[in-house]
A.B. asks: 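Below: one structure in structure tokens.
Worth knowing before you read on, the calculation uses all heavy atoms, side chains too, and leaves out hydrogens, waters and symmetry mates. These numbers were taken from a predicted model, which means no experiment stands behind them.
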Amino acid sequence: EAQVTQNPRYLITVTGKKLTVTCSQNMNHEYMSWYRQDPGLGLRQIYYSMNVEVTDKGDVPEGYKVSRKEKRNFPLILESPSPNQTSLYFCASSTGVSYGYTFGSGTRLTVV
Amino acid sequence: ELKVEQNPLFLSMQEGKNYTIYCNYSTTSDRLYWYRQDPGKSLESLFVLLSNGAVKQEGRLMASLDTKARLSTLHITAAVHDLSATYFCAVDPPGYQLIWGAGTKLIIKP
């Protein structure tokens with residue numbers, strides 16, 4: 001089944017403890033992206049990647065890192081999480097604009 | 001400023017009624033997407049509209065795109081409870097990343 005897989009689905013962590021949210025797609029998509037969704041603020045892009053080893057900042061990149069060493073994987077790294085990074089995170093991928101974007105099931109992160 | 005405005009942001013309606021959600025955007029874009037999101041769930045692609053005049057239909061939902069007016073509509077025909085969700089539109093202007101609307105929360109009462 002074609003899909004974008006995120007892990008974990010839920011995560012509660014403490015301030016300052018490094019964490020990684022994984023994202024993997026099995027559709028051979030070039031494009032991948034991370035979003036966060038907060039009530040009243042909609043979807044905001046964190047980082048995106050046009051292909052392997054090519055990443056760029058989105059609208060809200062502060063406090064996040066990404067890497068794209070393989071086409072299928074695009075992990076999101078929070079080096080020192082803070083409570084304002086508590087949010088619902090989505091990974092998305094696309095093979096081209098004509099086909100739209102496929103989203104992962106989401107990761108609900110709480111930083112205490 | 002690049003922005004996408006959805007109207008209304010909240011809609012409560014009765015089953016069996018028709019209604020339209022509007023998506024206005026501020027920049028040139030030939031590509032517009034509609035997504036559905038159930039509470040706490042992921043975003044599901046509904047429609048990909050790629051040119052002026054594009055119209056797509058799936059069940060009780062129909063989406064259209066007028067690139068000259070920078071307007072897309074999502075029309076709901078004879079609404080049923082299962083269509084209750086939040087609906088997002090997003091545009092994909094050249095040289096930019098996706099720009100999202102704030103979402104329209106639709107509640108359909110039996």
A.B. asks: Show your working on side-chain hydrogen bond (donor to acceptor under 3.5 Å, both in side chains) between Thr95(A) and His29(A) and close with a plain yes or no.
C.D. replies: CA-CA 4 Å; Thr95(A) 191; His29(A) 287 174; 4.8 Å; no
A.B. asks: Against chain B, label Gln37(A) side chain, backbone, both or neither, depending on which of its atoms sit under 4.5 Å from a heavy atom there.
C.D. replies: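 Answer is side chain: those atoms of Gln37(A) sit under 4.5 Å from chain B.
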A.B. asks: If you count heavy-atom pairs under 4.5 Å between each of Ala92(A), Ser105(A), Gly40(A), Ser33(A) and chain B, which one has the most?
C.D. replies: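 The residue among Ala92(A), Ser105(A), Gly40(A), Ser33(A) with the greatest pair count is Ser105(A).
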A.B. asks: Can you tell whether the side chains of Arg68(A) and Glu53(A) come within less than 4.0 Å, N to carboxylate O?
C.D. replies: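 Looking at Arg68(A) and Glu53(A), the cut-off is not met.
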A.B. asks: Between Lys3(B) and Glu5(B), does any NZ, NE, NH1 or NH2 come within less than 4.0 Å of an OD or OE carboxylate oxygen?
C.D. replies: yes
A.B. asks: For chain B, which candidate among Arg44(A), Gln45(A), Gln6(A) shows the most heavy-atom pairs at distances under 4.5 Å?
C.D. replies: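 Looking at each option in turn, the highest pair count goes to Gln45(A).
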A.B. asks: Decide if the gap between the ring center of Phe74(A) and the ring center of Tyr48(A) is smaller than 6.0 angstrom.
C.D. replies: no
A.B. asks: Which region of Phe47(B), side chain (C-beta onward) or backbone (N, CA, C, O), has a non-hydrogen atom less than 4.5 Å from a non-hydrogen atom of chain A, or is it both or neither?
C.D. replies: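 Neither part, no heavy atoms under 4.5 Å.
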